[in-house]
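Within every chain, numbering begins at 1; the chains are lettered A, B, ... in the order of the sequence lines, protein sequences first and strands thereafter. Below, each value reflects all heavy atoms present in this structure, side chains not excepted, and no hydrogens, waters or symmetry copies.
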2 protein chains.
Amino acid sequence: MLARVSSTPSFKRLPRAVREQQMLDAAVKVFSRRGFHAASMDEIAEDAGISKPMVYAYLGTKEELFIACLHRETARMVLAIAGAAAPDLPPDQRLWRGLRAFFGFVGAHRDGWAVLYRQARGSQPFAAELAAMRARLVDVVAGMLDHALRARGREVAATELEVVAYALVGASESLADWLADHPEAEPEKTATRMMNVAWLGAAQLLDGVTWRPPAD
Amino acid sequence: MLARVSSTPSFKRLPRAVREQQMLDAAVKVFSRRGFHAASMDEIAEDAGISKPMVYAYLGTKEELFIACLHRETARMVLAIAGAAAPDLPPDQRLWRGLRAFFGFVGAHRDGWAVLYRQARGSQPFAAELAAMRARLVDVVAGMLDHALRARGREVAATELEVVAYALVGASESLADWLADHPEAEPEKTATRMMNVAWLGAAQLLDGVTWRPPAD
DNA sequence: GCGTAACCTTACGCACGAGTAGGTATGCTC
DNA sequence: GAGCATACCTACTCGTGCGTAAGGTTACGC
């Protein structure tokens, strides 16, 4: 009414695409800090430097907004890992590169990742979303195992593979959580440790066998 | 006022301890089905066959109630696993028994476990609670590894052990989630698969080496 | 220079559910 | 069988925060 030019002297009108990204940035930040429920649309809007109805106009309801966050972050992560694929390498190399990319990504997006995915695990509407993306990862890992097995002339039931892949993915997620909680930890080192336990197994670790990252 | 004897013809007055257990049962059920936030105290009260103020009188606020659920379920789980300890067995035996007990418990408390712990991961107030109990598990596993290592005259930094233990616990939790989502799956079998990946590692699995449960 | 469409605001309605006030019945003790 | 503690109820208050109605303001095309 009266105080109009209070906050920003010249207040920029920005095109939709830009504002949407700002909003998503803010949303990820606030959802991370507060958790889905405790986060308020007002705070997100304020953090984005915009007013609430704009958020509704562009990204829809709170749930839709959260899902949009999930999608963007997931896409980024998949992209980061996809670059490390190289399907013609031996399995240990592929596993190593995948893990390195994964932990590298998490390390670079600590607050983003951790709480976002921790959130998504819980509440019904997002669990499906999250499960879908986890399934993609599991499929990739299972496919890798299957590929390696066939190359050795062996074959294993799909369920069996899925469960093993699931365990590996789960272990990685846990270590990702650990990484997100320990700001001083190095992603590369964490990936190496994960590689050790996943590739070698506890029996060999106890016997002093260790796996070390290749020169590259 | 008028409809008093509607629900239960003879309505029993029960001692506090009994009612508290009924309330906790109901709370676990409702929290599981709906998630922490979506669960309403009214629904919990109704499910327990009691009115809301009783819940407040006995178990306190919604948060306190949830924490009470967590504590009870955690205690039950620790108890179930503790019985399988046997510290003088070789490490593979100990790991196997621990895993079997763990998955057995989860299989027997499917709705209880899954959503309760999935919930707790997310929201701030409970994360601490959950982290504490997870830390106990991690310590146990790390201690086991340390014990085994010393017996072989080797020694490893505590952080190193912790991370490996963390990965193992994480993988188990993931498979527990998987188990909770697949009603047809057998706990024993799941434990075996977990044992395979944890003890042997991917490299040996690919080579066709498998671990099989002992006759016991 | 003027319309119009996109951008952006303030200010509110409204539902929902946590937590409570105050009162009633029941059993146990002496 | 009076008294007292404990179990239990109905019926509210009230904060909080999602989602929206209705209206300003700036840029851009013509």
Side-chain angles (χ1 to χ4, degrees), chain A residues 1-24 26-27 30-31 33-69 119 123-126, chain B residues 1-24 26-27 30-31 33-69 119 123-126:
Chain A
M1 222 169 243
L2 44 94
R4 188 52 197 290
V5 201
S6 59
S7 49
T8 332
S10 73
F11 86 82
K12 284 290 172 200
R13 279 166 105 75
L14 296 174
R16 176 167 184 154
V18 176
R19 273 277 131 87
E20 278 182 349
Q21 292 308 312
Q22 293 179 346
M23 289 177 189
L24 287 175
V30 175
F31 281 137
R33 199 165 35 218
R34 305 256 189 253
F36 174 76
H37 176 232
S40 80
M41 293 299 266
D42 293 274
E43 185 177 356
I44 291 170
E46 187 187 342
D47 196 289
I50 215 71
S51 74
K52 196 167 48 157
M54 287 310 297
V55 182
Y56 280 90
Y58 285 173
L59 278 324
T61 64
K62 193 180 181 185
E63 278 196 9
E64 289 166 346
L65 174 59
F66 188 84
I67 289 182
C69 291
Q119 287 306 321
S123 317
Q124 259 76 36
F126 316 130
Chain B
M1 219 170 245
L2 43 93
R4 189 55 195 290
V5 201
S6 58
S7 49
T8 333
S10 71
F11 86 84
K12 284 290 172 200
R13 278 167 106 75
L14 296 173
R16 177 168 183 154
V18 176
R19 272 278 131 87
E20 278 181 348
Q21 292 308 310
Q22 294 179 344
M23 290 176 187
L24 286 175
V30 175
F31 281 137
R33 200 167 31 219
R34 306 255 190 251
F36 175 76
H37 176 231
S40 80
M41 293 298 266
D42 293 273
E43 184 177 358
I44 291 171
E46 188 186 342
D47 196 287
I50 215 70
S51 74
K52 196 166 48 158
M54 288 309 298
V55 182
Y56 279 89
Y58 285 173
L59 278 326
T61 64
K62 192 179 181 185
E63 277 196 9
E64 289 166 346
L65 175 60
F66 187 84
I67 290 182
C69 290
Q119 288 305 321
S123 318
Q124 258 77 37
F126 316 129

Completion exercise
In terms of heavy-atom contacts, H37(B) and K62(B) come closest through O-NZ, 3.2 Å

Exercise for the section: Using only heavy-atom distances, decide whether a donor-acceptor pair under 3.5 angstrom links the side-chain of R16(B) to the base of dT6(D). Expected result: no

Practice task
Grab the CZ-C1' distance between F36(A) and dC18(D) for me, whole Å please.
Solution key: 10 Å

Completion exercise
Nearest heavy-atom approach of A57(A) to R16(A) is O-NH2, 4.0 Å

Fill in the blank from the handout: Separation of dG17(C) atom P from H37(B) atom NE2, nearest Å, is 8 Å

Practice task
Kindly check if the number of other-residue, nucleotide or ligand heavy atoms within 6.0 Å of CD (E20(A)) is above 12?
Solution key: yes

Handout entry: Five-pair end axes of the helix from dG1(C)-dC30(D) to dC30(C)-dG1(D) and the angle they enclose, rounded to 10°
Key = 10°

Exercise for the section: May I ask you to decide if the ring planes of F31(A) and F36(A) are parallel, tilted or perpendicular, using 30° and 60° as cut-offs? Expected result: parallel

Handout entry: Candidates dC8(D), dC7(C), dT10(C) - which lies nearest the side chain of S51(A)
Key = dT10(C)

Exercise for the section: Starting at atom CG of L14(B), determine the distance to atom P of dA5(D), rounded to an integer number of angstrom. Expected result: 22 Å

N/O contacts under 3.5 Å, protein versus nucleotides 19-23 of chain D?
{"unit_1": "dG19(D)", "atom_1": "OP2", "unit_2": "Y56(A)", "atom_2": "OH", "d": "3.2"}
{"unit_1": "dG19(D)", "atom_1": "OP2", "unit_2": "K62(A)", "atom_2": "N", "d": "3.0"}
{"unit_1": "dG19(D)", "atom_1": "N7", "unit_2": "K52(A)", "atom_2": "NZ", "d": "3.0"}
{"unit_1": "dG19(D)", "atom_1": "O6", "unit_2": "K52(A)", "atom_2": "NZ", "d": "2.7"}

Handout entry: Sugar-phosphate only, base, or nothing, as touched by A39(A) at under 4.0 Å among non-hydrogen atoms
Key = sugar-phosphate

Practice task
Side-chain contact test, heavy atoms from C-beta onward, threshold under 4.5 Å: evaluate it for V18(B) versus Q22(B) and give yes or no.
Solution key: yes

Practice task
Could you tell me whether the side chain of Q119(A) reaches within less than 4.5 Å of the side chain of F126(A), counting heavy atoms only?
Solution key: no

Handout entry: Atom pair distance, as rounded to whole Å: CE in M23(B) and P in dC8(D)
Key = 7 Å

Problem - Separation of atom CD in E43(B) from atom P in dA18(C), rounded to whole Å - result: 10 Å

Completion exercise
Rounded to whole Å, CD1 of I50(B) lies from C1' of dT10(D) at a distance of 14 Å

Exercise for the section: Kindly say whether T61(A) contributes a backbone atom to a donor-acceptor pair with the side chain of E64(A) at under 3.5 angstrom? Expected result: yes

Practice task
Examine dC8(D): is either OP1 or OP2 under 4.0 Å from a nitrogen or oxygen in the side chain of R19(B)? Give yes or no.
Solution key: yes

Problem - Interatomic distance where CE belongs to M54(A) and C1' belongs to dC18(D) [whole Å] - result: 18 Å

Handout entry: pair I44(A)-M23(A): side-chain heavy atoms closer than 4.5 Å
Key = no

Practice task
Answer with base, sugar-phosphate or nothing: what part of the nucleic acid does S40(B) contact at a heavy-atom distance below 4.0 Å?
Solution key: sugar-phosphate

Practice task
Could you state the atom-to-atom distance from CD of Q22(B) to P of dC8(D) in whole Å?
Solution key: 9 Å

Handout entry: Pairwise side-chain contact, R19(A) with I50(A), heavy-atom cut-off 4.5 Å (strictly under)
Key = yes

